[in-house]
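Please read the structure below before turning to the comments.
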Amino acid sequence: MNPPVPSMASTDLAREWSIVHILSMWYRDHHRRLPWRETRDPYRIWVSETMLQQTRVETVIPYYHAFLERFPDVAALAASDEEAVLKCWQGLGYYSRARNLHRAARLVVERHGGRIPDDPRAFLALPGVGAYTAGAVMSIAFHRPIPAVDGNVLRVVARLENLCDPVDHPTVRRRIERLVEGWLQQAEPAVFTQALMELGAVVCTPRSPRCGACPVRSACRAHRAGTAEDLPKRAPKRPRRQKVVLALWCETGEGVVVEQRPADGLLGGMWQLPAHELDADALDAPSDAGRDAESGGAAEAAGPVRRALMDCLQRVFPGTACHAVRFVEVARERHVFTHLEWSVRLFRPEGMPAGARVDRTRFRVVCRDELGGLPWPRVYEKLISGALQMLI
DNA sequence: AATTCGGGGTA
DNA sequence: TACCCAGAATT
């Protein structure tokens with residue numbers, strides 16, 4: 001079934017030939033059928049590659065279908081509101097991907113007449129398109145030999161070449177890109193690019209790689225050296241910073257007070273309840289000042305927690321006398337991000353003076369039925385559902 | 001070169 | 001728990 005290997009079987013040239021062709025044929029025969037592999041539409045491939053950044057295939061699949069149903073082509077995406085795009089992205093994480101993709105779609109309409117550029121430099125110039133995504137779309141959609149080096153390819157190549165340097169260093173990464181670029185010259189780019197990633201996803205996995213099932217193990221230097229399990233090397237990660245988030249459930253006759261986060265930074269553009277974020281060690285340092293009193297089974301805020309909540313409340317209702325309010329905790333969530341950890345506590349102010357006016361320039365008041373129409377981070381989804389369940 | 005960006009599956 | 005995932009932008 002495989003074509004004959006050239007006679008110079010022990011040379012580097014034959015090894016490269018083997019990597020390119022054996023792997024390509026293996027991909028043709030064994031690849032998984034994934035939604036974005038059923039199309040040749042560059043837009044759809046671009047959307048999939050954007051969603052797949054740092055995100056697992058199984059996670060992406062439902063989002064991919066829903067997104068393309070809502071935004072079937074670049075023009076539809078460009079014509080939509082950013083908030084609608086974020087809503088489709090809700091729960092997927094890394095929300096700057098959604099906002100960049102939306103901006104990029106508008107640029108494609110403006111600059112390129114609505115057609116996705118088949119030129120690597122023009123495509124790379126779009127927001128949210130980095131070296132990987134450019135290589136992936138160029139090779140898969142336009143059959144151009146541009147390397148697409150993701151986490152799978154880093155691992156596969158580090159093992160094939162037995163590279164013991166940390167792969168998350170730019171110099172090592174560039175070295176791997178050069179290697180792949182060379183292999184691509186002898187390959188069908190759309191096939192070989194996906195073959196490398198597929199091998200990493202299915203066979204050459206991070207832990208317990210299935211070397212026995214690998215079509216190119218005879219070309220793998222790590223397998224020969226017995227180091228496959230230990231590769232690739234990565235730089236150690238720093239511990240997460242701990243933060244406390246104090247949020248408010250302010251429900252008036254009109255509805256619930258909500259606000260949109262700033263466009264850039266953490267959870268940019270997503271909605272949240274009025275909140276105050278502070279370093280965790282700022283709270284637990286003073287001995288007993290931050291401890292909360294128990295009253296009637298519900299925790300009531302005291303000390304610095306109460307002061308922070310009061311600041312927050314004054315932002316929502318500027319110029320309103322709130323001295324007498326008590327804050328009753330109605331929900332609590334821990335949420336882990338890549339580089340920080342949130343401990344969120346949601347409080348309901350009790351005893352608000354009648355006629356308190358919400359600052360509508362910073363906040364919006366929406367009725368309960370409309371909460372679901374806004375894009376929320378996962379942690380606020382959980383908090384709100386918890387609060388609604390408690391408050392009925 | 002190092003940080004900052006989500007969220008979830010898995011051992 | 002710790003790791004890692006079809007990474008990009010910012011500093």
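Atoms considered below: every heavy atom in the structure, side chains included; atoms not considered: hydrogens, waters and symmetry mates. Convention: sequence-line order gives letters A, B, ...; per-chain numbering from 1.
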So, does the side chain of [X] form a donor-acceptor pair with the base of [N] at under 3.5 Å?
{"X": "Y132(A)", "N": "dG7(C)", "value": "no"}
{"X": "T55(A)", "N": "dG6(B)", "value": "yes"}
{"X": "R234(A)", "N": "dC3(C)", "value": "no"}

**Study point:** Along DNA chain B (nearest heavy atom to each residue), the more 5'-positioned of S208(A) and M270(A)
**Key:** M270(A)
Revision key, fill the gap. Contacts of L92(A) and R174(A) projected onto DNA chain B by closest heavy atom; the upstream (5') one is R174(A)
Answer with base, sugar-phosphate or nothing: what part of the nucleic acid does [X] contact at a heavy-atom distance below 4.0 Å?
{"X": "R155(A)", "result": "sugar-phosphate"}
{"X": "T59(A)", "result": "nothing"}
{"X": "T193(A)", "result": "nothing"}
{"X": "V129(A)", "result": "sugar-phosphate"}
{"X": "T338(A)", "result": "base"}

**Study point:** Note: E83(A)-K87(A) ion pair, threshold 4.0 Å (strictly below)
**Key:**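 Looking at E83(A) and K87(A), the cut-off is not met.
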Exercise for review: Please check if the distance between the ring centroids of W342(A) and F337(A) is under 6.0 Å.
Suggested key: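 Ring centroids of W342(A) and F337(A) are less than 6.0 Å from each other.
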Exercise for review: Measure centre to centre between the rings of Y63(A) and W89(A), then say whether the value is under 6.0 Å.
Suggested key: no
Review point. To the nearest Å, how far apart are R238(A) CZ and dA1(B) P?
Key: 17 Å
Check your understanding: Atom CZ of R173(A) and atom P of dA8(C): how far apart are they, to the nearest Å?
Key -> 7 Å
